[in-house]
Amino acid sequence: MDRAWPPSLWAAVTPSGEDYPALAGTATGDVVVIGGGFTGLSTALHLAEDGKNVVLLEAAAPGWGASGRNNGQVIPTLTRPNPDDIVAKHRAAGERFVALLRDSASVLFDLVRRLDIPAEAEQTGWIQPVHSPGRMKIAETRFSQWSRHGAPVELLDREQVRRMTGSDAWYGGFWNRTGGHINPLALARGLARAAAARGVSIFAGTPALSIARDGSGWRVTTPQGEVRARALVLATNAYTGEFAGGLAPSVAHEVVPVLSWQMATEPLGEELRASIIPGRQAVSDTHGDLWFMRYDARNRLVTGGALISPINGADRLRRRIGERLRRIFPQIGEVRFDYVWNGYIGMTTDYFPRFHRLGPDAYAWAGCNGRAVALSISIGRELARAVSGAEVALPFTEPRPLPLHGLLRRVAPLNLVLYRWRDAREIA
């Protein structure tokens, strides 16, 4: 893959990361972590704080993949499955995972504060408005179930949503006070610095080519060297098969990488900000073709959209999302987007993430489904605990690659047609 940084808002405004070397020769450690995104960095950091000698391999640079390209919304739920769905599927492990999800946003913000990472963090809450009257049942169900599990959620009527968002586009919804938003690239680079300061050996520009059991440990080969370690954590999510198709095909082929497009407007003036999401919460609604937005630290509205075809994607989205914002917020007037970029998210067929034991002392996860900012930090902490032999809040399963994965990947964007059809229907 092209390892150039995408033309994102985050790449433009975030101070440069450290210049980590590429691996040449042999490195050894207690644990080798593959992937320098949120999960890999969180795993490495928590392991180092537990006294482990950690080697982290990143194919490009920390935060280069999904962790540095996303919208930065910190959301303590999955995309679709609710707590009852999770518990029904995974029983006792599901109960523990629900608690992990419930606390995931606070875990992220607490970590940012503890490490003093300049990640532009705003724990202002996350609002999920509903886009048709019948979809209030979605909000009611989520409010009921998350309340039962101790989450600080509140059901909102139409007038409350109008006051909180400054828009008449929605019919009510619910919100979670622990959510919010961050500069994701700043968070990734801050986590990398914190991990390196605690002794983690970070090698950038070093894709893992293969992993293999080697005696009582693991061996990871790279273009110019190898790493040997007792334990291994694979934290590459949607990019698992992008640099080396043979790295972990059973994991790579159970998720479908789908392009997610992000956009940032020019900075909005004080008068507009007083009438558009005045509380600066993160907002993402119940559309399948999702409507979402939040402010950054420079008062840009950071939003985005989806496309069936990426051809002329930036220009097409400027028109489409500009019209969408004017529909949602008529007071905004003409909209100029200063940045448009994209990156992969890892989708699964049931919207559940996947957690695996790949062998003795080896673990992996994939399938963010667009909700990994908060979750991945907590997953990293849990994977570090797993390496240390503790009970964890992750429901482990066996990898199940999708049949005809290559074909599914090509046709996956067509799901957007189905999403838009469903979005236009009333749900009673």
Side-chain angles (χ1 to χ4, degrees), residues 71 73-91 94-106 123-181 277-294 324 327-329 348-353 369-375 395 415 418-428:
N71 195 264
Q73 295 203 21
V74 182
I75 301 174
T77 70
L78 296 183
T79 305
R80 296 198 183 182
N82 290 317
D84 287 359
D85 303 316
I86 297 168
V87 173
K89 187 177 181 69
H90 295 295
R91 304 301 178 186
E95 292 277 7
R96 297 194 298 273
F97 186 59
V98 167
L100 183 81
L101 271 171
R102 179 198 62 209
D103 299 337
S104 60
S106 290
Q123 195 171 12
T124 48
W126 166 64
I127 304 169
Q128 185 173 47
V130 299
H131 73 275
S132 72
R135 283 169 174 78
M136 273 304 295
K137 289 192 174 181
I138 295 175
E140 291 164 356
T141 297
R142 290 177 177 170
F143 166 73
S144 173
Q145 293 188 22
W146 280 112
S147 294
R148 196 167 2 104
H149 286 273
V153 293
E154 182 178 341
L155 193 65
L156 305 171
D157 63 26
R158 186 170 191 176
E159 177 58 24
Q160 288 173 301
V161 169
R162 188 198 65 77
R163 289 199 307 267
M164 294 174 77
T165 65
S167 174
D168 290 319
W170 294 294
Y171 294 84
F174 89 113
W175 79 304
N176 185 310
R177 296 174 185 273
T178 66
H181 46 87
I277 320 177
R280 298 180 66 87
Q281 294 92 348
V283 178
S284 52
D285 76 355
T286 52
H287 281 91
D289 183 7
L290 194 64
W291 295 11
F292 58 98
M293 64 285 299
R294 44 68 59 112
R324 176 183 293 175
R327 175 182 172 188
I328 300 171
F329 308 112
T348 61
T349 54
D350 59 4
Y351 302 95
F352 277 89
N369 292 288
R371 286 285 171 85
V373 176
L375 181 58
N415 280 327
L418 177 60
Y419 294 157
R420 290 172 179 167
W421 177 75
R422 288 175 175 169
D423 289 344
R425 299 179 65 213
E426 181 53 86
I427 296 179

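- Using a cutoff of 4.0 Å between basic side-chain nitrogens and carboxylate oxygens, K137 and E140 are not scored as salt-bridged.
- Distance alone, capped at 3.5 Å, is enough to place a donor-acceptor pair between the Q123 side chain and the T178 backbone.
- The two atoms that bring Y419 and R80 nearest to each other are CE2-NH2, 3.6 Å, heavy atoms only.
- At a threshold of 4.0 Å, the pair D350-K89 counts as salt-bridged, since one of the basic side-chain nitrogens sits closer than that to a carboxylate oxygen.
- With no hydrogens or angles considered, no side-chain donor-acceptor pair links W146 and N176 at under 3.5 Å.
- Atom CG of N415 sits about 12.0 Å away from atom CG of D289, to the nearest 0.5 Å.
- In this structure the side chain of I75 never reaches within 4.5 angstrom of the side chain of F292, judged on heavy atoms.
- Here the side chain of Q128 pairs no donor or acceptor atom with the backbone of G173 at under 3.5 angstrom.
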| message | Between F143 and W175, does the ring-ring contact (aromatic ring centres under 6.0 Å, His included) criterion hold? Intermediate values first, please. | response | CA-CA 8 Å; F143 166 73; W175 79 304; over 10 Å; no
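- Because its NZ or CZ atom is not both nearer than 6.0 Å to the ring centre of F174 and within 45° of the ring axis, R142 does not count as a cation-pi partner of that residue.
- Between L375 and L101, some side-chain heavy-atom pair lies under the 4.5 Å cut-off.
- The shortest distance between side-chain heavy atoms of R163 and Q160 falls below 4.5 Å.
- Side-chain contact between F352 and I86: present, with at least one pair of heavy atoms (C-beta onward) separated by less than 4.5 Å.
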